[in-house]
Amino acid sequence: MSKGRKNGLPKHVAIIMDGNGRWANRRAMPRFFGHRQGVKALKTAVRYASNQGIAVLTVYAFSTENWTRPQDEVKFLMDLMHKTFVQEIEELRREGVRIQLIGDRSTLSPDILKVWNQAEELTKDNTGLVLNVAFNYGGRQEITKAAQRLAEQVARGEITVEDITPEKIDTLLYTHKTPDPDLIIRTGGEMRLSNFLLWQAAYSEFYVTDVLWPDFGEGDFAQALQAYQARERRFGQVSAKEQS
Ligand code: FPP
């Protein structure tokens, strides 16, 4: 590790891809145009993460709150998601990417579910980058579902209240088996989590850039990684310097 670097590469990077609408507005274009450009930025980010040897990339593509957007925008995003995965799946498979959908499948349309299931099935044996696409995802909903399942298990006498530990809760989250994100990047300048990976973000490093998602390129990704590598991660402990 070179001088000034406190960390190696993050194993897991999560991205809140924000700013598509503003990107389009600034060009006097409809918001859809920004989402379409957003897909291009996503492809760049996936390739870059994979080439850098990052193990897991999680992207926030559609939140449980996004359903309240104008119906034509929701429909556009659903169609875009469908089309993108149909078009890109073969290349992702060849590049060794393993795709996983994280989110509530119960309210997704059968066509969207079909394409997700195919993408997951086709890439399940790949050993390269794990690409988690958070779609119809909400952190509070994820934790609530886990709590409901635990309550059911206690009610059936399968576990006791004392069996409920952070590790046990972790097994009931969509991200079970993936390490927590080391780095969460948010584009578009807002300083909030927006219901993204609430449980998993406990000790994540946060990096916010004003760059709007459609403009987020390899150089911006590299800067975020450099900023992460220079941080001291303490996980609630005092720093090594203070201890000595
Ligand atoms: C936020 O920008 C972005 C979204 C709600 C959608 C993200 C989707 C993509 C990047 C493309 C599709 C993804 C896949 C997986 C194919 P915003 O609309 O909130 O922008 P604003 O804050 O400027 O209004």
Side-chain angles (χ1 to χ4, degrees), residues 13-50 56-93 95 97-105 108-109 111-120 122-123 129-139 174 184-197 208-218 220-221 224:
V13 178
I15 309 184
I16 302 175
M17 309 182 286
D18 197 14
N20 294 349
R22 277 166 285 167
W23 187 91
N25 282 341
R26 284 181 194 173
R27 287 161 180 79
M29 301 294 279
R31 294 174 58 81
F32 307 131
F33 193 67
H35 294 315
R36 220 179 269 133
Q37 283 298 122
V39 172
K40 291 190 186 160
L42 178 57
K43 282 199 240 171
T44 304
V46 169
R47 195 165 306 120
Y48 185 75
S50 174
V56 186
L57 179 69
T58 300
V59 292
Y60 203 8
F62 193 87
S63 76
T64 42
E65 288 71 36
N66 285 154
W67 293 106
T68 59
R69 291 189 174 206
Q71 279 316 291
D72 58 343
E73 183 169 347
V74 171
K75 183 172 182 323
F76 182 86
L77 282 169
M78 291 293 151
D79 291 347
L80 184 65
M81 227 61 76
H82 189 274
K83 202 172 97 192
T84 303
F85 274 85
V86 169
Q87 276 171 5
E88 301 298 326
I89 187 61
E90 197 39 49
E91 190 178 337
L92 289 166
R93 189 190 65 77
E95 287 179 8
V97 175
R98 179 149 64 91
I99 295 172
Q100 292 178 163
L101 169 64
I102 63 168
D104 181 2
R105 295 172 193 238
L108 291 178
S109 76
D111 322 352
I112 295 267
L113 269 182
K114 191 172 159 212
V115 74
W116 283 114
N117 289 335
Q118 280 169 352
E120 287 180 338
L122 206 67
T123 63
L129 176 76
V130 173
L131 174 62
N132 288 327
V133 182
F135 194 79
N136 199 18
Y137 174 87
Y174 299 126
I184 299 181
I185 299 172
R186 180 166 187 147
T187 61
E190 311 284 0
M191 308 253 184
R192 53 177 170 260
L193 265 179
S194 301
N195 207 12
F196 187 48
L197 302 178
V208 176
T209 171
D210 286 333
V211 173
L212 301 175
W213 176 249
D215 287 329
F216 189 82
E218 292 193 354
D220 302 297
F221 206 151

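Remember, it's 1-based here, ligands and their atoms both numbered in the order they're listed. For this chain, numbers begin at 1 and follow the sequence in order. Fair warning: this is a prediction, and the values are worked out from it, not measured in the lab.
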**Stepwise side-chain contact (heavy atoms from CB on, under 4.5 Å) check, Gln71 with Val74** = CA-CA 5 Å; Gln71 279 316 291; Val74 171; 4.1 Å; yes
**Asked** Taking the six-membered ring for Trp, are Phe221 and Phe216 parallel (under 30°), tilted (30 to 60°) or perpendicular (over 60°)?
**Response** tilted
**Asked** Please walk me through it: do Tyr137 and Tyr60 pass side-chain contact (heavy atoms from CB on, under 4.5 Å)?
**Response** CA-CA 8 Å; Tyr137 174 87; Tyr60 203 8; 3.8 Å; yes
**Asked** Where does the angle between the aromatic ring planes of Trp116 and Phe135 fall among parallel (under 30°), tilted (30 to 60°) and perpendicular (over 60°)?
**Response** tilted
**Item:** Closest heavy-atom pair and its distance - His35, Leu80
**Value:** O-CD2, 3.7 Å
**Message:** Quick test of your reading: applying salt bridge (Lys or Arg N to Asp or Glu O under 4.0 Å), list the pairs with at least one residue in residues 36-45, sequence neighbours left out, ordered by first then second residue.
**Reply:** Lys43-Glu88
**Request:** Tell me the residues surrounding ligand 1, counting only those with a heavy atom closer than 4.0 angstrom, sorted by chain and number.
**Result:** Met17, Asp18, Gly19, Asn20, Gly21, Arg22, Arg31, His35, Gly38, Val39, Leu42, Ala61, Asn66, Arg69, Met81, Thr84, Phe85, Val133, Trp213
